[in-house]
Amino acid sequence: MSKPYVISFANQKGGVGKTTSCVNVASCAAEKGLRVLLIDSDPQGNSTSGVGISKKSIGKTIYDVLLDGASPEEVIIKTEFENLSVVPSTLNLAGAEFELFDTEQREKRLKNFIDKCSDFDLVVIDCPPSLSMLTINALTASDSVIIPMQCEYYAMEGLTQLMFTIRKVKELYNKSLSVLGILITMYNGRLNLSTAVLAEIKKYYADKIFKTTIPRSVKLSEAPGFGKPINFHEKYSKAADSYREVTEEMLSRIGIVV
Ligand SMILES: Nc1ncnc2c1ncn2[C@@H]1O[C@H](COP(=O)(O)OP(=O)(O)O)[C@@H](O)[C@H]1O
Ligand SMILES: [Mg+2]
């Protein structure tokens, strides 16, 4: 059995579209027939509920993976969407940071788990809004990173800091880590600020920015309330198509042909 390709969705800023992008890219890849595992590594658990898993039905979680070495069989839940499974998260993950502090190989916990997940083609990890041990675990376990970004003030500052962290993780724990791309979310090309910030990002990272940008869309923000990814909530919308397109771009950058 071959190993899955592993991607983190990371940005230490909150509210930039990490969870929305992670859930919807995972679902669009599953729609194409890839066997996808979505790992929720944010204590807020938004990607868990975003794929229709209710808190009540959750047993062991990513917390048990990181702290107790729980196995794939114990934590992976099949969603109602074909080809899409999830490792859920709940609020107790917030304590993991502190509890991991004293453990051996604390940055490799997630990697060790994913090494046992051979039934998947693609693993996507939704990171918390911090450059904490959870994010470091995700980056250590990943082949590459997608950075969701909103074209707002201070976007560049955060990006510089994140690139520094990625370089550090690469140096210390994961030589083969790379940045797969920067994904512009909630984009409105009619706003001067958006176009100005995008031009600024392009100056430094032109080759990294995905051609597809994700438009601002009410449908994207309401879909989690129905526990559905956008390609199920509004199958034929512009928002769904934008996530399908970015998924295509992503797969072609990785070299996965479906
Ligand atoms: N393209 C979009 N259009 C409209 N709302 C969006 C879009 N992307 C994300 N949102 C909303 O913005 C908020 C933050 O997005 P989220 O994906 O949770 O960010 P993060 O995971 O980085 O904190 C959420 O309420 C989400 O529904
Ligand atoms: Mg999130």
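Atoms within each ligand, like the ligands themselves, are counted from 1 in listed order. Computed from a predicted model, the values in this text were never measured in an experiment. Side chains are part of it too, since the values below use all heavy atoms of this structure and drop only hydrogens, waters and symmetry mates.
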Could you find the nearest protein heavy atom to [atom] and give me its residue, atom name and distance?
{"atom": "atom 4 (C) of ligand 1", "value": "S217 O, 3.1 Å"}
{"atom": "atom 23 (O) of ligand 1", "value": "G15 N, 2.7 Å"}
{"atom": "atom 18 (O) of ligand 1", "value": "T19 CB, 3.9 Å"}
{"atom": "atom 19 (O) of ligand 1", "value": "G17 N, 3.0 Å"}
{"atom": "atom 7 (C) of ligand 1", "value": "M186 CG, 3.3 Å"}

Can [X] and [Y] be counted as having a side-chain donor-acceptor contact under 3.5 angstrom?
{"X": "S27", "Y": "N231", "result": "yes"}
{"X": "Y5", "Y": "S144", "result": "yes"}
{"X": "E249", "Y": "T212", "result": "yes"}
{"X": "T135", "Y": "N137", "result": "no"}
{"X": "T19", "Y": "D126", "result": "yes"}
{"X": "T140", "Y": "E107", "result": "no"}
{"X": "D40", "Y": "T48", "result": "yes"}

Q. Heavy atoms only: which of S221, G14, G225 is nearest to atom 5 (N) of ligand 1?
A.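 Closest candidate by heavy-atom distance is S221.
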Is any N or O atom of [X], backbone or side chain, closer than 3.5 Å to an N or O atom of ligand 1?
{"X": "K13", "result": "no"}
{"X": "T20", "result": "yes"}
{"X": "K18", "result": "yes"}

Q: Drop me the distance from I136's CD1 to L100's CG, to the nearest 0.5 angstrom.
A: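 Between atom CD1 of I136 and atom CG of L100 there are 11.0 Å.
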Q: Give, for atom CG of N11 and atom CD1 of I146, the distance between the pair rounded to the nearest 0.5 Å.
A: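 That separation rounds to 12.5 Å.
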Q.
Any heavy atom of V16 closer to ligand 1 than 4.0 angstrom?
A.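 Heavy atoms of V16 do come under 4.0 Å of ligand 1.
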**Q.** Under-4.0 Å heavy-atom contact with ligand 1, by part of P215 that carries it
**A.**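 Only the backbone of P215 comes within reach of ligand 1.
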Q: Sort by chain and number the protein N/O/S atoms that are closer than 2.8 Å to the Mg ion (ligand 2), and list them.
A: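 The answer, once waters are left aside, is T19 OG1.
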Q) Counting distance only, does the side-chain N/O of S8 pair as donor-acceptor with the main-chain N or O of A138 below 3.5 Å? A)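 Yes: the side chain of S8 pairs with the backbone of A138.
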Q: State whether any protein heavy atom lies less than 4.0 Å from atom 26 (C) of ligand 1.
A: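 Within 4.0 Å of atom 26 (C) of ligand 1, protein heavy atoms are found.
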Q. Hey, is atom 13 (C) of ligand 1 under 4.0 Å from any protein heavy atom?
A.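 No, there is no protein heavy atom closer to it than 4.0 Å.
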**Q.** Numbered atoms and elements of ligand 1 in range of I214, under 4.0 angstrom, heavy atoms
**A.**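 The list of qualifying atoms is 1 (N).
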Q.
Show the atoms of ligand 1 that are less than 4.0 angstrom away from any heavy atom in L220.
A.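 What qualifies from ligand 1 is 1 (N), 2 (C).
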Q. Residues in salt bridge (Lys or Arg N to Asp or Glu O under 4.0 Å) with D64, at least two apart?
A.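 Scan of D64 (salt bridge (Lys or Arg N to Asp or Glu O under 4.0 Å), adjacent residues dropped) gives none.
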Q) With F120, which of S2, S85, P72 fulfils side-chain contact (heavy atoms from CB on, under 4.5 Å)? A)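 In the set S2, S85, P72, the residue that makes a side-chain contact (heavy atoms from CB on, under 4.5 Å) with F120 is S85.
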Q: Any chance you could lay out the side-chain contact (heavy atoms from CB on, under 4.5 Å) test for V258 and L251, step after step, and finish with the verdict?
A: CA-CA 8 Å; V258 185; L251 294 175; 4.0 Å; yes
